[in-house]
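Working notes, beginning with the structure itself.
We number each residue from 1, following the sequence as shown.
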Amino acid sequence: QVQLVESGGGLVQAGGSLRLSCAASGRTFSTYAMGWFRQAPGKEREFVATITWSNGNTYYADSVKGRFTISSGNPKNRLYLQMNGLKPEDTAVYYCAATQKITRTVTSQWEYDYWGQGTQVTVSS
């Protein structure tokens, strides 16, 4: 059982920056990977970025490469998403997720067992 709580969302103008945080609690020792997903109004939830807990490998959606950076805290009970050069199309509810499954399909939301409540990010044009 893992509990996740996101924070850091807000309203920013295009070109601005935000840093999202995710606090993890519970049986985090068994976590294999954690990631960020987002869901815009009327759209399906989509992959943003993920990091594997063992080796720190990171993966990013093409739409955010070069702008977003995922990282873990020390100790590894916190997850961050630094978002720079924000665009209106980045507007969405951002979710922190964790999985205990050893999988190579870390970009798929279906591989994640635990989810936070989400934090709203709104980027104005």
What distance separates Y94 OH from L20 CG, expressed to the nearest 0.5 Å? 7.5 Å
Check for a donor-acceptor pair, side chain of T103 on one end and backbone N or O of T105 on the other, with a separation under 3.5 Å. yes
Can Q100 and S30 be counted as having a side-chain donor-acceptor contact under 3.5 angstrom? yes
Taking side chain as C-beta onward, heavy atoms only, is E46 less than 4.5 Å from Q109? no
Hydrophobic clusters here meaning ILVMFWY residues chained together by side-chain heavy-atom distances under 4.5 Å, can you tell me if L81 and M34 are in one? yes
Atom CZ in F68, atom CG in L18: separation rounded to 0.5 Å? 9.0 Å
Could D62 and K65 be called an ion pair, given the rule that one side-chain N must be under 4.0 Å from one carboxylate O? yes
Ignoring hydrogens and geometry, is there a side-chain-to-backbone donor-acceptor pair from Y112 to V106 under 3.5 Å? yes
State the CZ-CD distance between R38 and Q120, to the nearest 0.5 angstrom. 12.0 Å
Would you please indicate if the ring centroids of F47 and W36 are separated by under 6.0 Å? no
Could you tell me whether the side chain of Y95 reaches within less than 4.5 Å of the side chain of Q39, counting heavy atoms only? yes
To the nearest 0.5 Å, what is the distance between OG1 (T99) and CH2 (W53)? 12.5 Å
same_hphob_cluster(V121, F37) at 4.5 Å side-chain heavy-atom cutoff: no
Would you say V93 and W115 are hydrophobically clustered, going by side-chain heavy atoms of ILVMFWY under 4.5 Å? yes
Can you find a pair of side-chain heavy atoms, one from Y80 and one from R78, that are under 4.5 Å apart? yes
How far apart are the closest heavy atoms of G85 and S17, and which atoms are they? N-OG, 4.3 Å
Can you tell me if Q13 has over 12 outside heavy atoms packed within less than 6.0 Å of its CD? no
In Å and rounded to the nearest 0.5 Å, what is the OG to CG distance from S25 to N77? 9.0 Å
Rounded to the nearest 0.5 Å, what's the gap from CH2 on W110 to NZ on K101? Could you check? 11.0 Å
Is E6 reaching over with its side chain to a backbone N or O of G118, donor-acceptor style, under 3.5 angstrom? yes
N57 backbone acceptor or donor facing T52 side chain under 3.5 Å: yes
Are I102 and Y59 connected in a single hydrophobic cluster, I mean Ile/Leu/Val/Met/Phe/Trp/Tyr linked by side-chain heavy atoms less than 4.5 Å apart? yes
Check: T91 side chain, T122 main-chain N or O, donor-acceptor pair, under 3.5 Å: no
Looking only at heavy atoms, the pair that brings L79 and C96 closest together is CD2-SG, 3.9 Å
Hydrophobic cluster membership, V123 vs M83, 4.5 Å side-chain cutoff: yes
Test item: Y60 side-chain N/O and I70 main-chain N/O as donor-acceptor pair under 3.5 Å: yes
